[in-house]
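All remarks here apply to the structure that follows.
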Amino acid sequence: MSPSRPTLREILAKSTQFLTTKQVDSPRLSAELVTAHALGLNRLDLFLDLDKPLSEPELARIRPLLARRGTGEPMAYILGRREFYGLDFHVSPEVLIPRPDTELGVELALKLFDREQSFCFVDVGTGSGALCVTLLKLFPQARAVATDISSGALNVATGNLRRHGVDHRCLRIRGDLLRHVKGRSLDLIVANLPYIGEKEAKSLSREVVAFEPSLALFGGLEGDELFPPLLRDAQEVLVNGGVVLLEVGTGQAPGLCERIRDMSPRWADIAIHNDLAGHERYVQARLRW
Ligand SMILES: C[S@@+](CC[C@H](N)C(=O)[O-])C[C@H]1O[C@@H](n2cnc3c(N)ncnc32)[C@H](O)[C@@H]1O
């Protein structure tokens, strides 16, 4: 006689227990997401069928994904996707998993331009293309340049630009900051560049340090090394009245504002914006000729 097959409820309980012993974040939620993904269901469907016995082929689909999660691999890489500003993005270990904090950059751009306005912007360090794609979707007359130093990241961004049908309005450039963008007339620069200090690496979660690309996380010893060269280049590519929106790490905003003021009297309207958690997350400045 064949042994009785485990039910979905039992598998979820066992998987949660396994992930708990592995000390991964949110073990129950992870077990549900992994199981739903392996079975081709959405998470809600799982709860409608908790007493369903699972077949061996179904268990065989769950096991390797669960093992990956057990190593601490982030759910977004296992699922291959992450939502940003209500849009679905493909993500791979070549790119940072887009964070909700970065949605503030989108909100700030919405305050700067009318929805039907025609303007040009650059997304520096585009990663998955989350900011670039979202802005192109929200501003149908806008055109963009997306840069990244990583060719793997640019490939992911290109895929997302195509998925969302906005690739024809975006030029992709691989390179350091704005090096290959000089001479253009840009109305806006958005940048969520790496801003974590290398000396902070030890305090980061294992799921971040071991799996997300270092190139996307660390901005030198203190974390703020990329801002000065970016701002110098920005002065060469922005139109009169053009704006920079820079995402920054904890505690970096006041110092960066000071640096911008010291850099040139042409920078005006320098401001700090807080994210939903109340952290100083974006620095904004306008260039006047
Ligand atoms: C923090 S991630 C942000 C990705 C994406 N903008 C987002 O918000 O999800 C930073 C990105 O900047 C890229 N990057 C790092 N150094 C760079 C440089 N010097 N020039 C251009 N891109 C850089 C990394 O490859 C990475 O994709």
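Being a predicted model, the structure only gives us computed values, none of them experimental.
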Hey, could you give me each pair passing salt bridge (Lys or Arg N to Asp or Glu O under 4.0 Å) that has a residue in residues 207-219? Not counting sequence neighbours. Arg69-Glu207, Arg99-Glu212
For the residue pair Thr102 / Asn192, report whether a side-chain donor-acceptor contact shorter than 3.5 Å exists. yes
Mark yes or no for whether Asn42, through its side chain, and Asp45, through its backbone, hold a donor-acceptor pair below 3.5 Å. yes
Aromatic Trp289 / basic Arg266 pairing, under 6.0 angstrom, 45° off normal: yes
Looking only at heavy atoms, the pair that brings Arg281 and Thr250 closest together is NH1-N, 4.0 Å
Can you tell if the side chain of Leu46 reaches within under 4.5 Å of the side chain of Thr35, non-hydrogen atoms only? yes
Tell me if a side-chain donor or acceptor on Arg174 pairs with a main-chain N or O of Arg172 at a distance below 3.5 Å. no
Go through the side-chain N and O atoms of Tyr195 and Gln252 and say whether any donor and acceptor fall under 3.5 Å apart. no
Modelled atom types, side-chain donor and acceptor of Tyr85 and Glu103, under 3.5 Å: no
Parallel, tilted or perpendicular, judged at 30° and 60°: which one describes the rings of Phe119 and Phe113? parallel
Report yes if some heavy atom in the side chain of Tyr282 is under 4.5 Å from a heavy atom in the side chain of Asn274; otherwise report no. no
4.5 Å side-chain heavy-atom contact, Val283 and Ile260: yes
Using modelled atom types only, decide if a donor and an acceptor are shared between the side chain of Asp148 and the backbone of Ala153 within a distance under 3.5 Å. no
Given the rule in the side-chain hydrogen bond (donor to acceptor under 3.5 Å, both in side chains) test, do Asn155 and Thr158 qualify, once you have shown the distances and angles that lead to the verdict? CA-CA 5 Å; Asn155 286 339; Thr158 299; 5.3 Å; no
Report yes if the side chains of Leu135 and Val190 come closer than 4.5 Å at any heavy-atom pair, otherwise no. yes
Is the backbone N or O of Pro140 less than 3.5 Å from a side-chain atom of Arg169, with the two atoms forming a donor-acceptor pair by type? yes
How about Gln117: does its CD atom have over 12 heavy atoms from other parts shown lying under 6.0 Å from it? yes
Would you say that Ile11 contacts Pro6 through its side chain, given a criterion of any heavy-atom pair below 4.5 Å between the two side chains? yes
Enumerate donor-acceptor pairs with a distance under 3.5 Å from any side-chain N or O in residues 58-67 to protein atoms, sequence neighbours excluded.
{"residue": "Glu58", "atom": "OE1", "partner": "Ser55", "partner atom": "N", "Å": "2.9"}
{"residue": "Glu58", "atom": "OE1", "partner": "Ser55", "partner atom": "OG", "Å": "3.3"}
{"residue": "Glu58", "atom": "OE2", "partner": "Lys52", "partner atom": "NZ", "Å": "3.2"}
{"residue": "Arg61", "atom": "NE", "partner": "Ala38", "partner atom": "O", "Å": "2.8"}
{"residue": "Arg63", "atom": "NH1", "partner": "Glu56", "partner atom": "OE2", "Å": "3.1"}
{"residue": "Arg63", "atom": "NH2", "partner": "Glu56", "partner atom": "OE2", "Å": "3.3"}

Could you tell me whether the side chain of Asn160 and the main chain of Phe89 form a donor-acceptor pair under 3.5 Å? no
Given side chains that start at C-beta, do those of Asn240 and Leu287 come closer than 4.5 Å, heavy atoms only? no
Would you mind writing out the side-chain donor-acceptor pairs for residues 75-84 within the sub-3.5 Å range, not counting sequence neighbours?
{"residue": "Tyr77", "atom": "OH", "partner": "Val95", "partner atom": "O", "Å": "2.7"}
{"residue": "Arg81", "atom": "NE", "partner": "Asp88", "partner atom": "OD1", "Å": "2.6"}
{"residue": "Arg81", "atom": "NE", "partner": "Asp88", "partner atom": "OD2", "Å": "3.4"}
{"residue": "Arg81", "atom": "NH2", "partner": "Asp88", "partner atom": "OD1", "Å": "2.5"}

